[in-house]
Amino acid sequence: MIRPVRVLLLPVVLLVPVLLTGCGSEKAGAGPGVDSSASVAVPGRTELDARARALQIAPELVYVTKAPGYTLAQQSVGVYGDDGFSGVYWAKETNAQIQLSVERGTMTARSCPKQPVGGMAGERTVCERDGDAWYRAGGGRHEYALVEKGHVLKVSGDSTKVTRAVLRSALHSAHRPSDAELAAVLPPA
């Protein structure tokens, strides 16, 4: 009596993997008239702002930039200071890094030399006006700082690995992100 049960179970057990092989092989959204290469819907600004706040970042202080050969290191995104934003862009070919940071405050001719470059406390800071921004150097690092409405946007890097021209370009490319850019920058909820 046990033998017939084994014989009946064997085809069923062998059939399950065959049936499951087809499951999950179709891309989400695939089907007639649907572009399967289309990207996933971008969350709304309310959800994106909540994701920034979950990291203790004020949403209005999130910026992104572009610099040729550099890509954002996703794991570097985080809070800067009390509720500011910071992210590091990395160049694969040279291993150079550019830090983009935004924090509340201001910078004047008087306060500029008192604020360390790249957080390198104890180092002498040299400041020079370059258009509407400050070019600053000290402690083996250099940066551009741009005073915006109630906050300071900075792009900085190692002075031996990142040129001043690259920093200037990154500063001028910095902007508030679109919803799609913000969704790509912030970790998922």
Following the transitive rule for hydrophobic clusters with a side-chain heavy-atom cut-off under 4.5 Å over Ile, Leu, Val, Met, Phe, Trp and Tyr, establish whether Val166 and Leu72 coincide in one cluster. yes
His172 NE2 to Lys66 NZ distance, which is reported to the nearest 0.5 Å: 16.0 Å
Atom pair OH (Tyr70) and CD (Gln97), whose distance is rounded to the nearest 0.5 Å: 9.0 Å
Apply side chain to side chain donor-acceptor pair (under 3.5 Å) to Tyr144 and list each qualifying residue two or more places apart in sequence or on a separate chain. Asp130, Arg164, Arg168
Between the side chain of Arg176 and the main-chain N/O of Val62, is any donor-acceptor distance below 3.5 Å? yes
For Asp82, look at atom CG and say whether over 12 heavy atoms of other residues, nucleotides or ligands are found less than 6.0 Å away. no
Please name the pair of heavy atoms, one in Ala133 and one in Leu171, separated by the smallest distance, quoted to 0.1 Å. CB-CD2, 3.6 Å
Are Val77 and Val155 grouped together when hydrophobic residues (ILVMFWY) are joined by side-chain heavy atoms under 4.5 angstrom apart? yes
Check whether any side-chain heavy atom of Arg136 lies under 4.5 Å from a side-chain heavy atom of Met107, and answer yes or no. yes
Through direct or indirect side-chain contacts below 4.5 angstrom among Ile, Leu, Val, Met, Phe, Trp and Tyr, which residues connect to Val88? none
Between Tyr135 and Leu146, is there a shared hydrophobic cluster once you connect ILVMFWY residues whose side-chain heavy atoms come closer than 4.5 Å? yes
Rounded to the nearest 0.5 Å, what separation is found between the CG atom of Leu61 and the OG atom of Ser86? 12.0 Å
N/O donor-acceptor pair under 3.5 Å between His142 side chain and Val117 backbone: no
When every non-hydrogen atom of Pro68 is compared with those of Ser169, the smallest separation belongs to CD-OG, 4.4 Å
Ignoring hydrogens, what is the shortest heavy-atom contact between Leu186 and Ala52? Give both atom names and the distance. CD1-N, 3.8 Å
CZ of Arg129: more than 12 outside heavy atoms within 6.0 angstrom? yes
Are Arg104 and Asp83 ion-paired here, with the side-chain N under 4.0 Å from a carboxylate O? yes
Can you check whether Lys114's main-chain N or O pairs, donor with acceptor, with Thr125's side chain at less than 3.5 Å? no
Would you find more than 12 non-hydrogen atoms of other residues, nucleotides or ligands less than 6.0 Å from Gln56 atom CD? no
Given the rule that I, L, V, M, F, W and Y join up when any side-chain heavy atoms are under 4.5 Å apart, are Leu182 and Val64 in one cluster? yes
Return the OG to CZ distance between Ser178 and Arg45, rounded to the nearest 0.5 Å. 7.5 Å
Nearest non-hydrogen partners of Ala67 and Ala170, listed with the distance: CB-CB, 4.3 Å
Between Lys154 and Glu103, does at least one N-O distance fall below 4.0 Å, as a salt bridge requires? yes
Side chains of Gln99 and Ser156, heavy atoms from C-beta outward: is any pair under 4.5 Å? yes
Evaluate the criterion side chain to side chain contact (heavy atoms under 4.5 Å, CB included) for residue pair Leu55 and Val79; output intermediate values, then yes/no. CA-CA 6 Å; Leu55 295 171; Val79 68; 5.7 Å; no
Straight-line distance of Tyr89 OH to Thr71 OG1, nearest 0.5 Å: 9.5 Å
Taking all non-hydrogen atoms of both residues into account, name the closest pair between Leu100 and Ala174 and its distance. CD1-CB, 4.5 Å
Neighbour count above 12 (heavy atom, 6.0 Å) for Glu128 CD: yes
According to a hydrophobic-cluster definition based on side-chain heavy atoms being under 4.5 Å apart (Ile, Leu, Val, Met, Phe, Trp, Tyr only), do Val126 and Leu167 belong together? no
Here's a test for you: under ring pair (Phe, Tyr, Trp, His ring centres under 6.0 Å), which of Tyr80, Phe85, Tyr63 qualifies with His151? Tyr63
Give the minimum heavy-atom separation between Pro43 and Arg51, together with the two atoms involved. CG-NH1, 3.7 Å
